[in-house]
Participant: 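Here you go, one structure.
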Amino acid sequence: MSEYLYTPIIKDGAIFIGDAHENVNRDGFLKFLHAIDNGKIPEPPQIFLLGDMFDFLSGESEYTINFYSEHLRLINKISEKIEIFYFEGNHDFRLSNLFNKTRDFWDGHEMQSYKNVKIYDISAQPANFKTINEERVQIAHGDIFLPFIDKYALRFLRVRWFLKFMNALDKFLHFKISKAILARLTKKNLDYKIPNFEELMSRHLRGYNANIIIEGHYHQGKQFNIYDRFYINLPCFACEQSYFVVEYAQQKLNLLKMSLKGH
């Protein structure tokens, strides 16, 4: 059997979190990871990281890997006991060399999985999951189904040889490029509302073919039905310090909003 010929189930108690945009001025995601690690947040069976967890992180960027080393250490440590699904965003990409990797195998009866980090790059999104009652769910960071030029411009920026070249140049310049990028992103406005968001998403959602769609990226924190599908856009964790816990009510998937404050 092929390594991934099965659809993972979103388990009761799973946590969803996205768009932490961690930087020198924001450490909410680090606090969240510590709260998971030390048990202040009850241990979930799964954690879904929906991308842009960092303001800028690349698996080829020495400076940012060192800058976020404590976050990476904790994610790897937590992944030894909790399944982690990481959906790369437009601020964090080519991460597969930074984390323990999921390894699935067929034991003759069902698919088994080691509990490490599974990375979904942009080409693997949306990824297919299902609820406990077999409803199909698709999950993505959200920066997909873009116009041709935007799509391939973003993909070029993720090309390994380009990132390696930029890292070498950055290193030669004593990491001035990475420092400048991170400094600039600390000033970016993350707390905004998109007018007519539901209307604007109508075309975007035609690219999906699941009953339930979950995304980050847009920072809107909206849920609505459209084209007989239920769409969930997570709010920006960097702004609200909120994450979501899966609860099944009458076999239906619900996301309960929780606050990091108090942990």
Participant: Looking at E83 and K118, is any side-chain nitrogen of the basic one under 4.0 Å from a carboxylate oxygen of the acidic one?
Facilitator: no

Participant: If we only count heavy atoms from C-beta on, is the V137 to T7 side-chain gap below 4.5 Å?
Facilitator: no

Participant: Please report the C-alpha distance between N128 and R136 in whole Å, then the side-chain angles of each, then the deciding distance to 0.1 Å, and finally whether the side chain to side chain donor-acceptor pair (under 3.5 Å) criterion is met.
Facilitator: CA-CA 7 Å; N128 292 315; R136 190 176 181 192; 3.0 Å; yes

Participant: Hey, could you give me the CG/CD1 distance between N209 and I213, rounded to the nearest 0.5 Å?
Facilitator: 8.5 Å

Participant: Donor-acceptor check, side chain of N76 to backbone of L72, threshold 3.5 angstrom: yes or no?
Facilitator: yes

Participant: Go through the structure and list residues passing salt bridge (charged side-chain N to carboxylate O under 4.0 Å, His left out) with E199, not counting sequence neighbours.
Facilitator: none

Participant: For atom NZ of K179, decide whether the heavy atoms of other residues, nucleotides or ligands shown that lie under 6.0 angstrom number more than 12.
Facilitator: yes

Participant: Taking all heavy atoms of I65 and all of G59, pick out the closest pair and write down the distance.
Facilitator: CD1-O, 3.6 Å

Participant: Any side-chain heavy atom of T131 within less than 4.5 Å of one from Y248?
Facilitator: yes

Participant: Is there a chain of hydrophobic side chains (I, L, V, M, F, W, Y, each step under 4.5 Å between heavy atoms) that links F197 to Y227?
Facilitator: yes

Participant: Measuring only between side-chain heavy atoms, which start at C-beta, is Q223 closer than 4.5 Å to N233?
Facilitator: no

Participant: Got D37 and K77 here, is their nearest side-chain heavy-atom distance under 4.5 Å?
Facilitator: yes

Participant: Who are the side-chain contact (heavy atoms from CB on, under 4.5 Å) partners of P8, not counting sequence neighbours?
Facilitator: Y6, F129

Participant: Is there a side-chain contact between F54 and F29 in this structure, where contact means two heavy atoms from C-beta onward sitting under 4.5 Å apart?
Facilitator: yes

Participant: Should the pair E88-R94 be classified as a salt bridge under the 4.0 Å nitrogen-to-oxygen rule?
Facilitator: no

Participant: Locate the shortest heavy-atom distance separating F244 from S242; write the atom from each residue and the value.
Facilitator: CE1-OG, 4.4 Å

Participant: For residues C236 and H219, report the shortest heavy-atom separation together with the two atoms involved.
Facilitator: CB-CG, 3.6 Å

Participant: Check this for me: does any side-chain nitrogen of one of K171 and E62 sit under 4.0 Å from a carboxylate oxygen of the other?
Facilitator: yes

Participant: Ring centres of F48 and Y86 under 6.0 Å apart?
Facilitator: no

Participant: Do I15 and I36 have side-chain heavy atoms sitting under 4.5 Å apart?
Facilitator: yes

Participant: Taking all non-hydrogen atoms of both residues, which atom of T186 and which atom of D55 are closest, and how far apart?
Facilitator: N-OD2, 4.0 Å

Participant: Quick one, H34 and K40 - any side-chain contact, counting heavy atoms below 4.5 Å?
Facilitator: no

Participant: Between M201 and Y192, is there a shared hydrophobic cluster once you connect ILVMFWY residues whose side-chain heavy atoms come closer than 4.5 Å?
Facilitator: yes

Participant: Report, as yes or no, whether the 6.0 Å neighbourhood of atom NZ on K187 holds more than 12 heavy atoms from other residues, nucleotides or ligands.
Facilitator: no

Participant: Among H21, H204, H141, which residue meets the ring pair (Phe, Tyr, Trp, His ring centres under 6.0 Å) test with H217?
Facilitator: H141

Participant: What heavy-atom pair brings M53 and D19 nearest, and what distance separates the two atoms?
Facilitator: SD-N, 3.9 Å

Participant: Does the pair R160/D121 count as a salt bridge with the N-to-O cut at 4.0 Å?
Facilitator: no

Participant: Looking at Q46 and K11, would you say the former's side chain and the latter's main chain have a donor-acceptor pair under 3.5 Å?
Facilitator: yes

Participant: Side chains of L173 and I177: does their closest heavy-atom pair fall under 4.5 Å?
Facilitator: yes

Participant: Which pair of non-hydrogen atoms, one from S178 and one from S61, has the smallest distance, and what is that distance?
Facilitator: OG-OG, 3.7 Å

Participant: Under 4.0 Å between a Lys/Arg side-chain N and an Asp/Glu carboxylate O for E22 and R26?
Facilitator: no

Participant: Are there over 12 heavy-atom neighbours, none belonging to F172, within less than 6.0 Å of that residue's CZ?
Facilitator: no

Participant: So which of F237, F16, F32 actually passes ring pair (Phe, Tyr, Trp, His ring centres under 6.0 Å) with Y243?
Facilitator: F32

Participant: Looking at R206, I'd like to know if its CZ atom is crowded, meaning that more than 12 non-hydrogen atoms belonging to other residues, nucleotides or ligands lie closer than 6.0 Å.
Facilitator: yes

Participant: Going hydrophobic residue to hydrophobic residue with side-chain gaps under 4.5 angstrom, can you get from L234 over to L190?
Facilitator: no

Participant: Using the ring-ring contact (aromatic ring centres under 6.0 Å, His included) rule, take F56 and F67 through it: C-alpha gap first, then chi angles, then the decisive distance, then the call.
Facilitator: CA-CA 10 Å; F56 172 52; F67 188 83; over 10 Å; no

Participant: Mind checking whether Y63 and F175 have ring centres under 6.0 Å apart?
Facilitator: yes

Participant: Quickly, which of D52, I181, L57, N23 forms a side chain to side chain contact (heavy atoms under 4.5 Å, CB included) with H91? Name it, please.
Facilitator: D52

